[in-house]
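Pasting in a structure now, in structure tokens, and then I'll have a few things to ask.
We name chains A, B, ... by the order of the sequence lines, and we start the count at 1 in each one.
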Amino acid sequence: MSFIFLKRSSISMAAIVTRFPPSPTGYLHIGGARTAIFNWLYARRHGGKFILRIEDTDLVRSTEASVKAILDAMEWLELDWDEGPFYQTERLEVYQEYLEKLVAGGHAYYCDCDPEDLDRRRQAAMAAGGKPKYDGRCRDRGLGPGPNRVVRFRCPLAGETVLNDLIKGPIVFNNAELDDLVLQKSDGIPTYNFAVVIDDVTMGINLIIRGDDHVNNTPRQILIYQALGAPLPRFAHVPMILGEDRARLSKRHGATSVMVYKEMGFLPEALVNYLVRLGWSHGDQEIFSREEMIANFSLEHIGKAAGVFNPDKLLWLNAHYLKERDPAALVPLLRPFLHQRGYSERPDDYLARAIATLQPRCQTLVEMADAIRYYLVDEVDYDPAAAAKFLRPETLSTIARMQAVLADLDPFDEARMEQAFRSVAEELGVKLGKIAQPVRVALTGVTASPGLFEVIDVLGRKTVLERLGKALDFIKAQARS
RNA sequence: GGUCCCAUCGUCUAGUGGCCCAGGACACCGGCCUCUCACGCCGGAGACACGGGUUCGAACCCCGUUGGGACUACCA
């Protein structure tokens, strides 16, 4: 009994605080999105906080447009944050304060080495078979602040730094391998490794889930925490996402921007579901609602190996969610794609009924917008091969017959329609397909479509009769020429 | 080059020493359903990188090899 109480209180002692810190040098990419999802899920799972921070200390590459693009993507994925967005460029005094503390404590020092000279020294060290690390020239010169001077961290020359990674286990680094990294650039802006630590310390971040491309940065960061006397957060390094050639996922593997997936007609829940399952698992389950993800997410089930991004599986998930959605809910999502194609406006309920027939046949909204064409155009255009095969003199009479039957059909619904087609087939002594295909081409212009009766039902009597009439005219015209 | 990480079907993964001559999913192949195309359903092919240990027993533990990846900036 008391054991249970103990366990409980120790768990609830520190509320979880996670963060997602993108740098606004471009759009939100697939890998970043997954990291954001993991951090968000963990915070939600444990009733903690999720903080958004914009790491814009790269003054040259950071842009306002990128910030907006990232925020838009977060919103589209429905990843809400509890605090922020904080901007590092607005926190310069904070870094300065901590920097002075480090310098005063002897943990950091000023350095006036010329960047180009530094580069030459590195090259020379490499050529001599040594390590390309900073040679420590200014380490003990006792320099003070001044123009063109950076601040470097005084890294211990010996000893070990251990990273107890929640995913990879303990990783030991020899401090001698590390060098005196720059904390503050000569323009007064902090470097990444310094700013993250200060931000994470001051924002109370106690769990850092990030890509494992950061593993080698972590010992340097741990050393800074220690120099500051700050408590260490827990670290969880998630394996990378690879392209199909097993190289780090990049533009040459196809779309890597989250918002491009929106443009390609993907649903956010499909992307999120795909991404969360890329590297994490919960037994054999493939489909997860938000609630299920939150309820089941755990670091223990994140794998150690990098994963290849598989567009086919994403497509399958998207098709799944497309089928599952209420057709009416799909209308506003599909509309932008219809406008792009220049279709004329139609009422919501008409679109919803058309969409319902296309749901099991489309993998993306883009496919759906293409497929919905014959429901929206004033005049169908015939696929030449389809017309050549099914709109010929021999089919004239069956189309005419169906036109006559449908003109009088009452009520004009799917059930009656099927009856009508079947009885005409019987009457003519042919299989249903013999009648259905020519009519299908007359109505849609193509040989593959949703069930014929569904199509007729959506189109309505007037349009159906018109299109059948037009098909008859077409056949006659063909016969004359 | 140095440091670090990783290794189950083509791909994502289950698997935490006996339940595994390895399960699920995508993709692929075959069948069923059927007015076409899909959806759906049923079935099939397909993997523990290699070599050594440890153990009564290894996909699971250890070592090595090989292969992949990351980092190595006054980028983040």
- Task: Record whether the side chain of R361(A) comes under 3.5 Å of the base of C39(B) through a donor-acceptor pair of N or O atoms.
- Result: no

- Query: Whom does C50(B) pair with, Watson-Crick or G-U wobble, provided both distances fall under 3.5 Å?
  - Reply: G64(B)

- Item | N or O in side chain of R440(A) less than 4.0 angstrom from C37(B) OP1/OP2 | no

- Query: Does S449(A) make a side-chain N or O approach to OP1 or OP2 of U36(B) shorter than 4.0 Å?
  - Reply: no

- Message: Among K131(A), R220(A), K133(A), which residue satisfies the salt bridge (Lys or Arg N to Asp or Glu O under 4.0 Å) criterion with D179(A)?
- Response: R220(A)

- Task: Classify the nucleic acid contact of V150(A) as base, sugar-phosphate or nothing, counting any heavy atom under 4.0 Å across all strands shown.
- Result: base

- Item | Interatomic distance at P, C4(B) relative to G52(B), whole Å | 28 Å

Measure all distances between protein nitrogen or oxygen atoms and nitrogen or oxygen atoms of nucleotides 4-10 of chain B, and list the pairs falling under 3.5 Å.
residue : atom : partner : partner atom : Å
C5(B)   : O2'  : K168(A) : NZ           : 2.8

- What is the distance from NE2 of H214(A) to P of U3(B), rounded to the nearest Å? 22 Å

- Kindly say if R34(A) contacts the phosphate of C12(B), meaning a side-chain N or O under 4.0 Å from OP1 or OP2. no

- Item | Partner nucleotide of C71(B) by Watson-Crick or wobble geometry (both distances under 3.5 Å) | G2(B)

- Message: I'd like to know if D119(A) reaches the base of A73(B) with its side chain such that a donor and an acceptor end up less than 3.5 angstrom apart.
- Response: no

- What about Q285(A), does its side chain sit under 3.5 Å from the base of G24(B) through a donor-acceptor pair? no

- K313(A) and E286(A): salt bridge (Lys or Arg N to Asp or Glu O under 4.0 Å), yes or no, with the steps? CA-CA 10 Å; K313(A) 190 159 181 180; E286(A) 296 287 350; 3.0 Å; yes

- So which pairs with a foot in residues 445-454 of chain A pass side-chain hydrogen bond (donor to acceptor under 3.5 Å, both in side chains), sequence neighbours left out? R440(A)-S449(A)

- Side chain T191(A) and base C74(B) donor-acceptor under 3.5 Å: no

- Item | Heavy-atom side-chain proximity of F38(A) to F297(A) below 4.5 angstrom | yes

